[in-house]
Amino acid sequence: MTALGFLYPGHSAEDDYPRIEQLLGSDIRVDLVHTDIGEDAHRVDALRRMGAPERLSAGVEALRLAGAEAVVWACTSGSFVYGWAGAHEQVRSLALAAGMPASSTSFAFVHALGEIGVHRVAVGATYPDDVAELFADFLRTAGATVTGVRPSGIITAAEVGGWGERELFELARRADRADAQALLLPDTALHTVAQLPALEKELGKPVLTANQVTVWEALRLTDRRVNAPALGSLFTREPIVQV
């Protein structure tokens, strides 16, 4: 059994995680601890407070007791708002507090792009313009070419968590660019897991979403590789026969 630990801010799309656990279809357990979201606002100041070390460290003891082997801060905006160097420091602090390998959703996107061999991406963000551009800047620092950014101007994670399939596909269609090799949907408050194969079929390219890459990143940290096509092309890089 491999136990994966996640720190998830508040309550929005956390039901994506038990769904992923089920779709992995292997001896993998997903343990999720909710962190204090503070003010629910896609504003840089609020997001930086949400990702503060004391808020993250408060949740790690429960994950340790659950036997987690790695922990991922399951929040994109609450990590990339610190910038490249600051996001690295956030992860280092989390690893020290947790006593286990750690990462965040922002770095999960970067590593997932390397996994599928993609450099040119389009971004479909639920965030306001300024926050969406910070994510694009983070990706550019990592070496990606961002061919387009489509913000949605949504202020709260609670509103994003209420989006359904219609809103998700509208965002994906509006954000996709013909010159992009993949589409990125960066908000962990957005339900995406049930629609991953349909999204990729609709766009004809890989689609990376926040909760999907977050779990993949935890698997990477624990040296586990799983073939699970229902979780999108990111999870098809490993042969079907698993050790």
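In what follows, residues are counted from 1 in the order of the sequence shown.
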Modelled atom types, side-chain donor and acceptor of Gln181 and His119, under 3.5 Å: no
Centres of the Trp84 and Phe107 rings: under 6.0 Å? yes
Given the rule in the ring pair (Phe, Tyr, Trp, His ring centres under 6.0 Å) test, do Tyr127 and Phe80 qualify, once you have shown the distances and angles that lead to the verdict? CA-CA 13 Å; Tyr127 317 130; Phe80 67 70; 5.8 Å; yes
Test of ring centre spacing under 6.0 Å for Phe135 and Phe109: yes
Shortest non-hydrogen pair, Ala175 vs Gly124, comes out as CB-CA, 3.4 Å
Considering non-hydrogen atoms only, spot the tightest contact between Leu196 and Gly232 and give its length. CB-N, 4.3 Å
Which atom pair, heavy atoms only, marks the closest approach of Met50 to Pro9? SD-CB, 3.8 Å
Salt bridge (charged side-chain N to carboxylate O under 4.0 Å, His left out) partners of Arg19, counting only residues at least two apart: none
Would you say Arg224 and Thr2 are linked by a side-chain donor-acceptor pair, where the criterion is simply a distance under 3.5 Å? yes
Any salt bridge between Arg49 and Glu39, counting N to O under 4.0 Å? yes
Write down the atom of Ala3, the atom of Asp31, and the distance for their closest heavy-atom approach. CB-OD2, 4.0 Å
Pair Lys205-Asp176, salt bridge (charged side-chain N to carboxylate O under 4.0 Å, His left out): steps then yes or no: CA-CA 10 Å; Lys205 65 185 61 175; Asp176 188 31; 2.8 Å; yes
Tell me yes or no: between the side chains of Glu200 and Ser233, is some donor less than 3.5 Å from an acceptor? yes
Might you work through the salt bridge (charged side-chain N to carboxylate O under 4.0 Å, His left out) test for Asp129 and Arg150, ending with a clear yes or no? CA-CA 8 Å; Asp129 294 35; Arg150 180 77 185 214; over 6 Å; no
Check whether any side-chain heavy atom of Trp216 lies under 4.5 Å from a side-chain heavy atom of Gln212, and answer yes or no. no
Does the side chain of Thr105 pick up a donor-acceptor pair with the side chain of Thr214 at under 3.5 Å? yes
Can you confirm whether the side chains of His191 and Asp16 place a donor and an acceptor under 3.5 Å from each other? no
I'd like to know whether CD of Glu170 has more than 12 heavy-atom contacts from other residues, nucleotides or ligands below 6.0 angstrom. yes
Is any side-chain heavy atom of Cys75 closer than 4.5 Å to a side-chain heavy atom of Ser77? yes
Applying salt bridge (charged side-chain N to carboxylate O under 4.0 Å, His left out) to Glu202 and Arg173, what does each step give before you reach the verdict? CA-CA 9 Å; Glu202 170 88 10; Arg173 293 184 191 108; 2.8 Å; yes
Run the salt bridge (charged side-chain N to carboxylate O under 4.0 Å, His left out) check on Arg48 and Asp45 step by step: do they pass? CA-CA 5 Å; Arg48 288 178 68 90; Asp45 61 327; over 6 Å; no
Counterpart residues, salt bridge (charged side-chain N to carboxylate O under 4.0 Å, His left out), relative to Arg120 (two or more places apart): none
Hydrophobic cluster membership, with links at side-chain heavy-atom distances under 4.5 Å among I/L/V/M/F/W/Y: are Leu190 and Val30 in one? no
May I ask you to say whether Arg29 pairs ionically with Glu69, meaning some side-chain N is under 4.0 Å from a carboxylate O? no
Taking all atoms of both residues into account, what is the closest heavy-atom pair of Ser152 and Trp163, and its distance? OG-CH2, 4.0 Å
So which of Val91, Val71, Asp36, Leu7 actually passes side chain to side chain contact (heavy atoms under 4.5 Å, CB included) with Leu56? Leu7
